[in-house]
Amino acid sequence: MKRIWITALLLCAAHLFAVDGGALVGGYGEFTGKKFDAMLGRADVSGWVRAPFLEDGSLVLSAEARYRFEDGNQAAMTNMADLSLLKLSYNLNFTDSSFSVSLGRFGVSDLTGVVYSQPGDGFAVLYQNQLMNLSVAAQYTGLINSLYTTMNPVAVTPIKQQQIYSLSVPVIANVVSLSFPQLFAGQTIAFGVQGYWGVESIDAQRMYGTFLMSGPIVAGLYYNIFATGELLMPDTQTPYWGIHGRLEFAYYLPYLDSRISVHGECTTVNFDTITSYDALLTGEQYGDITKFGFSGSLNAGPVLTVLSGDAVFRTSDFQYRGFELNGGARWQIVSDVQLSASAGYLFASPAEDSYGKITVNAFIAL
């Protein structure tokens with residue numbers, strides 16, 4: 001029996017075809033506040049490995065670990081470590097379709113990338129053919145590191161916060177998406193359903209439904225529209241609804257990969273997300289926010305520049321809250337070295353406080 005196990009291990013090692021790996025080192029700094037007097041510095045180190053077990057690459061083990069040191073003049077020094085990816089995936093490719101299964105810890109996102117976009121522990125199944133893409137995922141979030149991934153649901157029993165690794169809110173997430181890419185005249189239609197339930201009691205159970213449609217209108221002009229409805233089911237209150245909608249028109253110019261767009265976005269009072277998602281520069285989350293704005297980008301070889309602006313209103317009474325202006329640039333110095341910087345400012349109405357943010361980010365791939 002011992003000889004059989006040794007032989008099996010040797011066969012597994014022999015089938016580790018084209019093992020690949022690498023590391024990433026990064027530094028980050030930010031200045032925030034009305035007078036940019038709040039400072040934060042961060043150092044990141046991560047490493048990853050990808051190991052195929054079969055010659056055709058159909059069975060793959062992927063892993064990623066990371067470490068972060070963070071300190072600032074308005075926050076305590078923090079050390080954190082995380083296993084952000086540990087996934088075993090199996091892929092089958094047919095003549096006109098494909099099928100894949102993933103097990104372990106990996107990231108999952110809803111159709112919009114707003115409600116749920118984070119790692120978790122569980123499984124995912126993806127089926128694709130010439131007509132449609134169908135994905136089904138189920139994850140448990142209670143073992144991920146909340147120092148890296150912030151979630152909005154609140155556990156009734158407080159979770160102890162600590163250095164290095166702090167467990168997150170224990171929620172079972174179910175995410176199902178069905179899309180029909182370029183179904184007719186280049187138009188894509190997609191539907192999504194999500195459910196989130198606390199393993200222990202949380203502030204509210206949530207269900208979401210999303211409809212998304214996008215495609216070309218004329219040459220160079222595209223649109224993207226989606227609407228998400230949320231049903232919140234508190235333990236001791238009557239269920240209530242929340243809605244999030246967005247419409248964008250984008251025009252792609254024929255030089256320097258440039259793009260300009262206008263958009264409108266609205267969330268009702270009761271809408272919220274599972275994964276923390278900053279709706280404004282201040283870090284404010286979605287809910288009772290309406291925005292109308294523009295964005296543009298210009299890709300001049302190794303340098304990408306972006307600019308955006310939004311007029312911000314309160315949805316419930318349509319009161320003007322201010323104008324948020326953001327700009328940034330990313331410089332790909334060489335293939336393994338990247339430098340980026342951004343600046344933004346919320347020019348608030350007299351009833352609110354203005355807020356600014358400046359960031360500098362650098363990455364080196366090893």
Side-chain angles (χ1 to χ4, degrees), residues 105 107-124 135-162 166-178 190-212 226-246 265-280 282-291 312-319 321 352:
R105 174 170 296 184
V108 169
S109 176
D110 71 291
L111 283 174
T112 66
V114 173
V115 174
Y116 185 85
S117 183
Q118 64 175 71
D121 301 305
F123 74 91
S135 65
V136 179
Q139 292 189 314
Y140 174 68
T141 65
L143 298 177
I144 64 174
N145 192 347
S146 64
L147 300 178
Y148 272 98
T149 304
T150 305
M151 296 176 62
N152 285 326
V154 178
V156 172
T157 302
I159 297 173
K160 183 180 180 181
Q161 295 295 309
Q162 54 191 4
S166 185
L167 295 178
S168 188
V169 182
V171 171
I172 294 178
N174 299 277
V175 182
V176 179
S177 301
L178 175 63
F191 306 89
V193 178
Q194 308 158 57
Y196 303 93
W197 294 272
V199 175
E200 300 174 359
S201 183
I202 59 174
D203 55 346
Q205 320 294 331
R206 296 164 173 84
M207 294 189 68
Y208 297 82
T210 298
F211 171 77
L212 182 149
F226 71 76
T228 297
E230 175 188 13
L231 175 63
L232 296 92
M233 296 170 285
D235 292 337
T236 59
Q237 302 177 31
T238 303
Y240 51 93
W241 288 90
I243 298 174
H244 177 207
R246 178 181 172 91
E265 187 172 17
C266 176
T267 57
T268 60
V269 175
N270 295 325
F271 183 84
D272 61 2
T273 63
I274 301 300
T275 307
S276 177
Y277 191 100
D278 294 347
L280 298 176
T282 59
E284 182 178 340
Q285 301 292 292
Y286 274 117
D288 203 18
I289 293 176
T290 294
K291 299 189 291 185
V312 183
F313 301 83
R314 188 161 40 241
T315 304
S316 55
D317 57 9
F318 210 68
Q319 181 175 339
R321 297 184 55 191
E352 301 194 26

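The basis for the numbers below is simple: all heavy atoms, side chains too, and nothing from hydrogens, waters or symmetry mates.
- For Tyr116 and Tyr196, the distance between ring centers is under 6.0 angstrom.
- Between Asp278 and Gly283, the closest heavy-atom pair is OD1-O, 3.5 Å.
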Next item on the list: Determine, stepwise, if the pair Phe211 / Phe191 fulfils ring-ring contact (aromatic ring centres under 6.0 Å, His included).
Entry: CA-CA 5 Å; Phe211 171 77; Phe191 306 89; 5.5 Å; yes
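- The heavy-atom pair separating Ala190 from Leu111 by the smallest distance is CB-CD1, 3.9 Å.
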Checklist line | Worked check of side-chain contact (heavy atoms from CB on, under 4.5 Å) between Val193 and Tyr208 | finding: CA-CA 6 Å; Val193 178; Tyr208 297 82; over 6 Å; no
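- Pairing each heavy atom of Val115 with each of Thr273, the nearest pair is O-CB, 3.8 Å.
- We find the CG-CG distance between Leu212 and Asp110 to be 10.0 Å, quoted to the nearest 0.5 Å.
- For the atom pair CG of Asp288 and CZ of Phe271, the computed distance is 13.0 Å after rounding to the nearest 0.5 Å.
- Residues Gln194 and Thr210 have side chains in contact (heavy-atom distance under 4.5 Å, counting atoms from C-beta outward).
- Once rounded to the nearest 0.5 Å, the distance linking CG of Leu167 with OG1 of Thr141 reads 10.0 Å.
- Ser109 pairs by the side chain to side chain contact (heavy atoms under 4.5 Å, CB included) definition with Ser117, not counting sequence neighbours.
- Here the CG atom belonging to Leu232 is positioned 11.5 Å from the CE atom belonging to Met207, to the nearest 0.5 angstrom.
- Applying the side-chain hydrogen bond (donor to acceptor under 3.5 Å, both in side chains) rule to Arg321 yields the partners Glu284, Glu352; only residues at least two apart in sequence or on another chain are considered.
- For Asp317, the salt bridge (charged side-chain N to carboxylate O under 4.0 Å, His left out) partners two or more places apart in sequence, or in a different chain, are Arg314.
- Aromatic ring orientation, His244 versus Tyr286: tilted (interplanar angle from 30° to 60°).
- Side-chain contact between Pro234 and Tyr240 is present, with at least one heavy-atom pair separated by less than 4.5 Å.
- Judged purely by distance below 3.5 Å, without hydrogens or angles, the side chains of Thr275 and Gln118 pair a donor atom with an acceptor atom.
- At a threshold of 4.5 Å between non-hydrogen side-chain atoms, the residues Gln285 and Asp272 do not count as touching.
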Notebook entry, point to check: Could you go step by step and tell me if Val114 and Thr228 meet the side-chain contact (heavy atoms from CB on, under 4.5 Å) rule?
Noted result: CA-CA 10 Å; Val114 173; Thr228 297; over 6 Å; no
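- Summarising the geometry, atom CZ belonging to Arg246 is positioned 5.0 Å from atom CD belonging to Glu265; distances are rounded to the nearest 0.5 Å.
- No donor-acceptor pair closer than 3.5 Å links the side chain of Arg206 to the backbone N or O of Pro153.
- With hydrogens and angles disregarded, no donor-acceptor distance shorter than 3.5 Å links the side chain of Lys291 to the backbone of Leu280.
- With contacts defined as side-chain heavy-atom distances shorter than 4.5 Å, the pair Val199/Tyr140 qualifies.
- Annotation for Arg105 and Asp121: closest pair NE-OD1, 2.8 Å, computed over non-hydrogen atoms.
- Remark: the Thr268 side chain and the Thr315 side chain contain no N/O donor-acceptor pair separated by less than 3.5 Å.
- Between the CD1 atom in Ile144 and the OG1 atom in Thr149 there is a gap of 4.5 Å [rounded to 0.5 Å].
- Side chains of Trp197 and Val171 form no contact here, defined as non-hydrogen atoms less than 4.5 Å apart.
- Not one N or O on the side chain of Ser146 forms a donor-acceptor pair closer than 3.5 Å with the backbone of Ser168.
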